[in-house]
Amino acid sequence: MMIGSRNWHWWVLYGALAVIAFGARLTIVVRGGGLLTLGAYDDGVYYAAADALVHGRLPYRDFLFLQPPGVMLSGTPFAWFGSVTSDALGLAVCRVAFMALGALNTVLVAVILRRFGYLAAAVGGFFYAFTYVAAYSERSILLEPVGTTGVLVALAILAHPAMVRRTVWPVLAGVALGVACGFKIWYAVPAAVIVLFAWRVWYKVLLGLVAGVTALCLPFFVNAPAQMFTQIVTDQTGRGRAAYTLLERMQMILGSYRVRNPALVDAGLTTDRLTVILILVTVVLTAIAFTVRGGRLYPLLLVVDVGLLLAVPSFYPHYAALTTPMIALVTGLAVGRVAELVRVRAAGFAIAAVAILGIIGLNAGMIARGFGVPVPVTGLTSAAATVDGCVMSDDPTILAVMNVLSRDLARGCPMQPDLTGWIYDADTLMVAGQDVPRSVNPFWQKHAVAYLTSGAASIIVWPNGFGRASTVDLTAGPVLFQEGRWVLHATAP
């Protein structure tokens with residue numbers, strides 16, 4: 001696509017969408033406490049695993065890692081940078097890079113919708129740029145941002161007839177899908193749908209998919225085949241079902257679970273009622289999108305992805321990133337189709353404007369509230385620097401914030417990035433088909449306390465996960481630093 005007088009308005013659109021998307025993701029983090037905020041768990045696990053790899057420790061063999069290796073590999077450049085500068089800087093740069101990836105995903109949504117018209121691309125792109133679900137999932141190093149990139153790159157390639165006719169591009173589309181699966185195995189489901197929909201070039205796409213997965217996974221599988229299979233497949237499929245109803249999952253998929261607008265509540269529009277309305281709107285948009293020639297794959301993927309998220313045992317809010325790009329594509333398709341049927345240009349722009357205002361109204365408050373907990377970085381970093389030995393934590397994010405993660409790895413300190421994940425592997429305990437929570441799981445409590453007291457000091461980020469006896473053991477040593485909930489304890493003799 002050449003940059004010229006005929007295309008300038010498209011490049012303006014792409015640039016504006018990228019800025020909006022990056023700004024939304026940055027706002028969530030800054031309003032939540034800054035680039036070194038805490039509040040989630042998974043991103044710290046992935047960054048610490050990347051840093052462990054930089055220091056010569058292999059996942060599956062040397063430490064538990066319940067995901068394919070893709071996300072860990074994506075974090076290694078930033079972990080290496082953090083190891084030669086400071087862990088805190090490496091983590092901050094990593095988070096900004098994933099926000100930029102979210103901006104790229106937004107542009108890809110608009111590029112895919114370009115052939116359906118400017119309004120379709122603008123509305124679909126803005127939906128993805130500004131919806132809270134996408135912004136929340138792309139605020140840091142997580143599985144979903146690159147998984148989304150892989151799917152969108154494949155769709156962008158396969159939507160271009162000139163690319164499909166050449167051998168290399170369908171293979172590259174498959175490689176992109178393989179990379180997505182190398183980050184999260186759930187992406188195998190939409191990847192299979194896309195391969196089947198590729199018609200005459202399906203075998204080329206499948207070849208690329210296999211090549212992409214193999215390139216990411218084979219080096220680690222060779223070193224620890226049984227452990228890798230157990231941790232990625234067996235441990236994940238064996239997890240008990242999360243305690244969320246289907247309506248609650250739909251709230252997370254549609255982003256209504258965090259809408260707290262007093263005006264809506266006063267008007268009787270509760271979260272459940274808003275969710276039902278959004279479900280109905282999404283069904284209508286999906287039905288309209290199915291009528292668009294050349295665009296039926298996107299509503300089909302939406303239906304498949306929603307079904308997958310409603311069926312899988314575990315569920316957390318950022319999992320909804322699987323469906324968000326498809327909702328964006330369907331919304332853009334439907335709005336573009338309605339505007340096309342109206343035939344009055346001004347009316348079409350009015351329909352698009354109403355859609356964009358609705359997106360802003362539902363998401364602006366959630367984005368402005370931010371997500372995360374501020375950390376007293378200066379005090380904790382100073383205190384940790386005085387510890388002559390290993391610093392341990394139940395969340396490795398805080399170790400990066402305190403700038404001791406790379407230091408301790410270089411010293412040979414024990415490092416288990418996913419301490420909580422033990423409950424799905426060696427410390428699994430199920431009663432009546434349900435996982436026993438770690439706070440009352442004696443196996444996990446024993447192993448976690450032994451690990452956390454193996455160093456010279458420790459800091460507990462998630463105290464609710466420990467029982468009373470474990471808490472006594474973990475807090476028996478003298479306090480080296482305390483500010484609010486943040487307490488660094490020396491290990492008791």
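Values below: all heavy atoms of this structure, side chains included; hydrogens, waters and symmetry mates excluded.
- A side-chain N or O of S406 and one of D51 form a donor-acceptor pair less than 3.5 Å apart.
- When the shell of 6.0 Å around CH2 of W422 is examined, it contains more than 12 heavy atoms from other residues, nucleotides or ligands.
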- Query: Is there a side-chain contact (heavy atoms from CB on, under 4.5 Å) between D394 and T420 once you walk through the steps?
  - Reply: CA-CA 8 Å; D394 59 334; T420 298; over 6 Å; no

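- Here L104 contributes atom CG and L17 contributes atom CG; the two are 12.0 Å apart, rounded to the nearest 0.5 Å.
- Distance alone, capped at 3.5 Å, is enough to place a donor-acceptor pair between the Q236 side chain and the L66 backbone.
- With contacts defined as side-chain heavy-atom distances shorter than 4.5 Å, the pair F371/T37 does not qualify.
- Around the CZ atom of R115, the shell of radius 6.0 Å holds more than 12 heavy atoms that belong to other residues, nucleotides or ligands.
- Contact detail for Y451 and P414: the closest heavy-atom pair is OH-O, 3.8 Å.
- Rounded to the nearest 0.5 angstrom, F65 CZ and D425 CG are separated by 13.5 Å.
- The shortest side-chain heavy-atom distance between N105 and V109 does not fall under the 4.5 Å cut-off.
- Contact of the E248 side chain with the F315 side chain is not registered, since no non-hydrogen atoms from C-beta on lie closer than 4.5 Å.
- Using cut-offs of 30° and 60° for the angle between ring planes, the W199 and F197 rings count as tilted.
- Atom CZ of R31 sits in a sparse spot, with 12 or fewer heavy atoms from other residues, nucleotides or ligands closer than 6.0 Å.
- Annotation: W462, atom CH2; neighbour count of heavy atoms from other residues, nucleotides and ligands within 6.0 Å is above 12.
- Nearest approach of Y298 to A159, heavy atoms of both residues: OH-CB, 3.9 Å.
- Ring-plane geometry between H318 and Y316 is classed as parallel, the angle between the planes falling under 30 degrees on a 0 to 90 degree scale with a further cut at 60.
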- Show the numbers, then the answer: is there a side-chain contact (heavy atoms from CB on, under 4.5 Å) between L322 and D305? CA-CA 7 Å; L322 180 72; D305 288 349; 4.0 Å; yes

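- Ring orientation note: the planes of W186 and Y319 are nearly perpendicular, at an angle over 60° on the 30°/60° scale.
- Interatomic distance, CG of D87 versus CZ of F81, reported as 11.5 Å (0.5 Å rounding).
- S83 places a side-chain N or O within 3.5 Å of a backbone atom of W80 that can act as its donor or acceptor partner.
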- Query: Could you walk me through whether D272 and Q251 pass the side-chain contact (heavy atoms from CB on, under 4.5 Å) check?
  - Reply: CA-CA 8 Å; D272 287 350; Q251 290 172 2; 2.6 Å; yes

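- The closest side-chain heavy-atom distance from Y128 to P325 is below 4.5 Å.
- Nearest heavy-atom pair across V306 and T323 is N-CG2, 3.7 Å.
- Rounding to the nearest 0.5 Å gives a distance of 5.0 Å between CZ of R95 and CG of D43.
- The side-chain heavy atoms of N464 and S439, taken from C-beta on, include no pair separated by under 4.5 Å.
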- Query: Do L155 and I194 pass the side-chain contact (heavy atoms from CB on, under 4.5 Å) test, and can you show the C-alpha distance, the side-chain angles, and the key distance before you say yes or no?
  - Reply: CA-CA 8 Å; L155 292 177; I194 294 171; 3.9 Å; yes

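- Side-chain contact between V461 and T397: absent, with no pair of heavy atoms (C-beta onward) separated by less than 4.5 Å.
- In terms of modelled atom types and a separation under 3.5 Å, the side chain of W10 and the main chain of V111 share no donor-acceptor contact.
- Side-chain contact, D418 with Y41: a donor N or O sits under 3.5 Å from an acceptor N or O.
- Of all heavy-atom pairs spanning P170 and V164, the tightest one is CG-O, 3.5 Å.
- A pairwise comparison of heavy atoms in S137 and P145 identifies O-CG, 3.4 Å as the closest pair.
- Under a 3.5 Å cut-off, the side chain of R25 and the backbone N or O of A129 do form a donor-acceptor pair.
- Listed for the T291 side chain is no donor-acceptor partner under 3.5 Å among the backbone atoms of A287.
- Interatomic distance, CE of M99 versus CZ of F22, reported as 6.5 Å (0.5 Å rounding).
- Across all their heavy atoms, V195 and L177 have their closest contact at CG2-CD1, 4.4 Å.
- Neither side chain, E144 nor Y136, offers a donor N or O lying under 3.5 Å from an acceptor on the other.
- Within the 4.5 Å cutoff, the side chain of T282 has heavy atoms near those of the L302 side chain.
- Checking side-chain atoms of N441 against main-chain N and O of I423 turns up no donor-acceptor pair under 3.5 Å.
- You'll find the side chain of L278 reaches within 4.5 Å of the side chain of L362, heavy atoms only.
- From D62, atom CG reaches atom CD of Q227 across 9.5 Å, with rounding to the nearest 0.5 Å.
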